[in-house]
Amino acid sequence: MLQIYNSLHNRKEEFVPIEPNKICLYVCGMTVYDYCHLGHARVMVVFDMVYRYLQTAGYEVTYVRNITDIDDKIIKRANENNEPFTELTERFIAAMHEDEAALGILKPSVEPRATGNIPEMIGMISQLIEKSYAYVGSNNDVYYSVAKFEDYGKLSGRKLEDLRAGERIAVDQVKKDPLDFVLWKAAKPEEPAWDSPWGRGRPGWHIECSAMAQKILGDRFDIHGGGHDLQFPHHENEIAQSEACIGHQTVNYWMHNGFIRINDEKMSKSLNNFSTIRQVLEDYRPEEVRYFILNSHYRSPLNYSQEPLDAARAALTRLYTALRGLPVDQITDLGNAPVDSEQEQRFRAAMDDDFNTVEAISVLFELAREINRQRTDENIAGAVKAAALLKKLAGILGLLNTDAEAWFKGQSHVDSDGLSDDEIETLIQQRTEARTNKDWTACDALRDELKAKGIVLEDGPGGTSWRRG
RNA sequence: GGCUGGGUGGCAGAGUGGUUAUGCAGCGGAUUGCAAAUCCGUCCACGCCGGUUCGAUUCCGACCCUAGCCUCCA
């Protein structure tokens, strides 16, 4: 039985889909004015994991992740670059797709763009005005009247008076209430704009998600996710908009993933420590980043530094070592995995418990040990069986998708002085001859030479294998 | 100030009212020409003070420390 921590009630709740065996999932995607950073990577990986797991749990999942391709930051950046905003957004959407592909993120079912759904947004704003939840300001901006929505604050656990007590809200003469937020922004000359009943302008950020979610998923859907910081005000405002417009609760479960810190500091512009996905991928392999993210609970804060990434590499090396040398076609044939095994049950129980990937991963290591044991006992059939299960379960997390041999021989961040596979094989061949002659001095010299270039040798009963470590 | 979380062994990081997390690192053993890898065994733990309990790291309360949000932010 799947349990999900619902941010709406701050507790784990049994998950009951609206329609049996079907799940509609909406996740707030990124605003495309720059390269994706590690925080985006976490959202991508976490909800990719959720998407994959729900599918293997037997659900038909419609996964919507939007792209915000019009907003103030985009306009500002496009102006700085002196280019049309669409050129800017197209470039970073392409970059985002590259990053996703690198990290092994499955494509969402639908990836709507804000600019492709302006009529729906205008329609929703019109309804909100009709129902008196919104008003047109003297500057032709349209605002949502927060005080009109009784439940305002229910997601973030805030009361209006508490929010008003905060001194950080800018005073604005046009708004009736400083907490009111913009639904439609009148365009200044030269700004990208769309026609609307209130003049030319563009939608506010919050209405984008409300409108796109309703358009694609309907008046009520199962899960809405996003980064923790979006809980307030973004998701709070979405609730205010959607529920005021539709007239009832629209989202059953809210999921928020925790933040990533960099060397124990908040990622921020002022600290200039924004690590983009592509920067990180210069030093680490995508699967290492994925493991790093999945090896802590999605709601916990996660600190990015060298050690946990190195640990991720070591952990994956252990898992791949278990798979190495086993017949690839047999272990990738999931039909060889035992059905309804005790390990799979524990794996799924962990995942059912609010996506406890960390505990699920521990099952992976138990399987690795099992494989190694069987292999020591020369029970290859048993090892294959366990390996097929390991592949299957790891696959649910999007891990161990590489062929083991390719993993070990692939480039790592350690500079291997550019030795080619053939050069390495040749040196190993020389060493094997020395070994046969029991010329241990020559033997060890060759091994040391390779080690200095980042190549680790392992002598086994079937000969010498190597890896770039 | 308001609202959420969190404090676990050398590090990372789960979890549990009484019994093994897991990975890396350490120690002992097996294996190996020596290593590496692997297997077996093993050390190291639950912020502080009270309470509930036969028994609490796990539940409750206070305290200390810490993170996030309250402004754009994944």
*Asks:* Out of B:rU22, B:rC70, B:rA14, which has the shortest distance to the side chain of A:F232?
*Replies:* B:rC70

*Asks:* Which part of the nucleic acid, if any, lies within reach of A:I260 when heavy atoms closer than 4.0 Å are counted: base, sugar-phosphate only, or nothing?
*Replies:*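 Counting heavy atoms under 4.0 Å across all strands, the contact made by A:I260 includes a base.
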
*Asks:* If only side-chain N and O atoms count, and only distance matters, is there a donor-acceptor pair under 3.5 Å linking A:E370 with A:Q374?
*Replies:*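 Checked: A:Q374/A:E370 side chains pair up, N/O donor to acceptor below 3.5 Å.
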
*Asks:* Could you verify whether a donor N or O on one side chain and an acceptor N or O on the other, from A:E238 and A:Y26, lie under 3.5 Å apart?
*Replies:*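 Not at all, the side chains of A:E238 and A:Y26 share no donor-acceptor pair under 3.5 Å.
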
*Asks:* When you compare the side chains of A:D48 and A:Y63, does any donor N or O come within less than 3.5 Å of an acceptor on the partner?
*Replies:* no

*Asks:* Taking only side-chain nitrogens and oxygens of A:N295, does any of them come within less than 4.0 Å of OP1 or OP2 of B:rG23?
*Replies:*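 It does not, given that no N or O in the side chain of A:N295 lies less than 4.0 Å from OP1 or OP2 of B:rG23.
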
*Asks:* Does A:N356 reach a base, just sugar-phosphate, or nothing at all? Heavy atoms under 4.0 Å.
*Replies:*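 The residue A:N356 makes sugar-phosphate contact but no base contact.
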
*Asks:* Reckon A:R375 touches a base, only the sugar-phosphate, or nothing at all at heavy-atom distances under 4.0 Å?
*Replies:* nothing

*Asks:* Under 3.5 Å, is there an N or O donor on one side and an acceptor on the other linking the side chain of A:D444 and the base of B:rG33?
*Replies:*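 Answer yes: a donor N or O sits under 3.5 Å from an acceptor.
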
*Asks:* Hey, could you give me each pair passing salt bridge (Lys or Arg N to Asp or Glu O under 4.0 Å) that has a residue in residues 317-327 of chain A? Not counting sequence neighbours.
*Replies:* A:R324-A:E405

*Asks:* When you measure from the side chain of A:D353 to the backbone N and O of A:N356, does any donor-acceptor pair fall under 3.5 Å?
*Replies:*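 Here the side-chain-to-backbone pair does not exist.
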
*Asks:* Base, sugar-phosphate or nothing for A:R11? Non-hydrogen atoms, less than 4.0 Å.
*Replies:* nothing

*Asks:* Between B:rG5, B:rU22, B:rA74, which nucleotide has the shortest distance from any of its atoms to the side chain of A:F365?
*Replies:*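 From the listed options, B:rU22 comes nearest.
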
*Asks:* Quote, to the nearest angstrom, the P distance that separates B:rG15 from B:rG47.
*Replies:* 15 Å

*Asks:* Which part of the nucleic acid does A:C36 contact within heavy-atom distance under 4.0 Å: base, sugar-phosphate only, or nothing?
*Replies:*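 If one applies the 4.0 Å heavy-atom cut-off, A:C36 turns out to touch nothing in the nucleic acid.
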
*Asks:* Give me the distance, rounded to whole Å, that separates B:rU38 from B:rA14 when you measure between the P atoms they each carry.
*Replies:* 24 Å

*Asks:* Please state whether the phosphate of B:rU38, meaning OP1 or OP2, lies under 4.0 angstrom from any side-chain nitrogen or oxygen of A:R318.
*Replies:*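 Checking A:R318 against B:rU38: at least one side-chain N or O falls below 4.0 Å of OP1 or OP2.
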
*Asks:* Could you tell me how far apart A:Y152 (OH) and B:rC3 (P) are, to the nearest whole angstrom?
*Replies:* 17 Å

*Asks:* Rounded to whole angstrom units, what separation is found between the CG atom of A:D354 and the C1' atom of B:rA14?
*Replies:* 13 Å

*Asks:* Has A:W440 got its ring stacked on B:rG33, by the test of a centre gap below 5.5 Å and a plane angle below 30°?
*Replies:* yes

*Asks:* When the C1' atoms of B:rC63 and B:rG50 are considered, how many whole Å apart are they?
*Replies:* 10 Å

*Asks:* Counting only Watson-Crick or G-U wobble pairs whose two distances fall under 3.5 Å, which nucleotide matches B:rA67?
*Replies:* B:rU4

*Asks:* Give one of base, sugar-phosphate or nothing for A:R65, where a contact means two heavy atoms less than 4.0 Å apart.
*Replies:* nothing

*Asks:* Under 4.0 Å, heavy atoms only, any strand: does A:E458 hit a base, just the sugar-phosphate, or nothing?
*Replies:*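 Counting heavy atoms under 4.0 Å across all strands, the contact made by A:E458 includes a base.
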
*Asks:* Quick one: do the A:S7 and A:Q231 side chains pair a donor with an acceptor below 3.5 Å?
*Replies:* no

*Asks:* If the cut-off is 4.0 Å, is A:K266 near the phosphate of B:rC69, judged by side-chain N/O to OP1 or OP2?
*Replies:* yes

*Asks:* Is the phosphate of B:rC40, meaning OP1 or OP2, less than 4.0 Å from a side-chain N or O of A:R373?
*Replies:*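 For B:rC40, OP1 or OP2 has a side-chain N or O of A:R373 closer than 4.0 Å.
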
*Asks:* Would you verify whether the NZ or CZ of A:R158 falls within 45 degrees of the ring axis of A:F232 while also being under 6.0 Å from that six-membered ring's centre?
*Replies:* yes

*Asks:* Mind calculating the distance between OH (A:Y291) and P (B:rG23) to the nearest angstrom?
*Replies:* 9 Å

*Asks:* Between P on B:rC73 and NE2 on A:H235, what's the gap in Å once rounded to a whole number?
*Replies:* 10 Å

*Asks:* Any base atoms under 4.0 Å from A:L457, or only sugar-phosphate, or nothing? Heavy atoms, all strands.
*Replies:* base

*Asks:* Start with the C-alpha distance between A:Y35 and A:F92, add both sets of side-chain angles, then the distance that settles ring-ring contact (aromatic ring centres under 6.0 Å, His included), and finish with yes or no.
*Replies:* CA-CA 6 Å; A:Y35 291 112; A:F92 285 115; 5.0 Å; yes

*Asks:* Testing the basics here: between A:P286 and A:L103, what is the closest heavy-atom pair and its distance to 0.1 Å?
*Replies:*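 Minimum heavy-atom separation between A:P286 and A:L103: O-CD2, 3.9 Å.
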
*Asks:* How far does the C1' atom of B:rU57 sit from the matching atom of B:rA45, given to the nearest Å?
*Replies:*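 The same atom, C1', in both gives a distance of 8 Å.
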
*Asks:* Given side-chain contact (heavy atoms from CB on, under 4.5 Å), test A:R435 with A:T464 step by step and report yes or no.
*Replies:* CA-CA 11 Å; A:R435 276 188 89 202; A:T464 302; 3.8 Å; yes

*Asks:* Which one, B:rC40, B:rC70, B:rA74, comes nearest to the side chain of A:M30?
*Replies:*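 Minimum distance to the A:M30 side chain belongs to B:rA74.
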
*Asks:* Under a 3.5 Å limit for both distances, which nucleotide forms a Watson-Crick or G-U wobble pair with B:rG28, could you say?
*Replies:* B:rC40

*Asks:* Suppose we call a contact any N or O donor and acceptor under 3.5 Å apart; does that hold for the side chain of A:D459 and the base of B:rC34?
*Replies:* yes

*Asks:* Under 4.0 angstrom, heavy atoms only, what part of the nucleic acid is A:R158 near: base, sugar-phosphate, or nothing?
*Replies:* base

*Asks:* What distance, rounded to whole Å, do you find between the two C1' atoms, one in B:rC11 and one in B:rC69?
*Replies:*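 Here B:rC11 and B:rC69 have their C1' atoms 29 Å from each other.
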
*Asks:* What's the closest nucleotide to the side chain of A:Y5 if the choices are B:rC39, B:rA14, B:rG5?
*Replies:* B:rG5

*Asks:* Checking contacts here: which listed nucleotide (B:rG33, B:rG13, B:rU38) is nearest the side-chain heavy atoms of A:R435?
*Replies:*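 In terms of side-chain proximity for A:R435, the closest of B:rG33, B:rG13, B:rU38 is B:rG33.
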
*Asks:* Figure out the CG/C1' separation between A:N273 and B:rC73, and round it to whole Å.
*Replies:*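 Answer to the nearest Å: 13 Å.
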
*Asks:* Could you please name the partner base of B:rG33, counting Watson-Crick and G-U wobble pairs only when both distances are under 3.5 Å?
*Replies:* none

*Asks:* Under 4.0 Å, counting only non-hydrogen atoms across every strand here, what does A:M44 touch: a base, just sugar-phosphate, or nothing?
*Replies:* nothing

*Asks:* May I ask you to verify whether the side chain of A:R447 and the base of B:rC34 hold a donor-acceptor pair under 3.5 Å?
*Replies:*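 It does, because a donor-acceptor pair links the side chain of A:R447 to the base of B:rC34 below 3.5 Å.
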
*Asks:* What is the pairing partner of B:rG9, taking Watson-Crick or G-U wobble pairs with both distances under 3.5 Å in any strand?
*Replies:*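 In the structure as shown, B:rG9 has no Watson-Crick or wobble partner.
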
*Asks:* Counting the atoms with a prime plus P, OP1 and OP2 as sugar-phosphate, which does A:G258 contact under 4.0 Å by heavy atoms, base, sugar-phosphate, or nothing?
*Replies:* base

*Asks:* Using atom NE2 of A:H256 as one end and atom C1' of B:rC70 as the other, report the distance to the nearest whole Å.
*Replies:* 15 Å

*Asks:* Tell me the partner of B:rA14, counting only Watson-Crick (N1-N3 plus N6-O4 or O6-N4) or G-U wobble (N1-O2 and O6-N3) with both under 3.5 Å; none if nothing fits.
*Replies:*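 Across all strands, not a single nucleotide pairs with B:rA14.
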
*Asks:* Expressed as a whole number of Å, how far does the P atom of B:rG61 sit from that of B:rA74?
*Replies:*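 Pairwise P distance, B:rG61 against B:rA74, rounds to 36 Å.
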
*Asks:* At less than 4.0 Å, is any side-chain N or O atom of A:R346 found next to OP1 or OP2 of B:rU20? Yes or no.
*Replies:* no

*Asks:* If the C1' atom of B:rG10 is compared with that of B:rG68, how far apart are they to the nearest Å?
*Replies:*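 Each nucleotide's C1' atom is 28 Å from the other's.
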
*Asks:* Which nucleotide in the list B:rG2, B:rA74, B:rC39 gets nearest to the side chain of A:D162?
*Replies:* B:rG2

*Asks:* Both A:T321 and A:G227 contact RNA chain B. Taking the nearest nucleotide for each, which residue is further toward the 5' end?
*Replies:*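 With A:T321 and A:G227 compared, the 5'-side residue is A:T321.
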
*Asks:* Using heavy atoms to find the nearest nucleotide of RNA chain B for A:G157 and A:S300 separately, return the residue whose nucleotide is more 5′.
*Replies:*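 Upstream on the strand: A:G157.
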
*Asks:* Distance between the P atoms of B:rU22 and B:rC59, in whole angstroms?
*Replies:*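 Looking at atom P only, B:rU22 and B:rC59 are 22 Å apart.
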
*Asks:* Answer yes or no for this row: A:F259 ring on B:rA67 base, centroids under 5.5 Å, planes under 30°.
*Replies:* no

*Asks:* Across the strands shown, which category fits A:R369 at heavy-atom distances under 4.0 angstrom: base, sugar-phosphate, nothing?
*Replies:* sugar-phosphate

*Asks:* Which part of the nucleic acid, if any, lies within reach of A:H37 when heavy atoms closer than 4.0 Å are counted: base, sugar-phosphate only, or nothing?
*Replies:*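 Contact class for A:H37: base.
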
*Asks:* Measure from the side chain of A:D229, starting at C-beta and using heavy atoms only, and say which of B:rC3, B:rC73, B:rA37 lies closest.
*Replies:* B:rC73

*Asks:* From B:rC72, B:rA74, B:rC24, pick the nucleotide closest to the side chain of A:K73?
*Replies:*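 It is B:rC72.
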
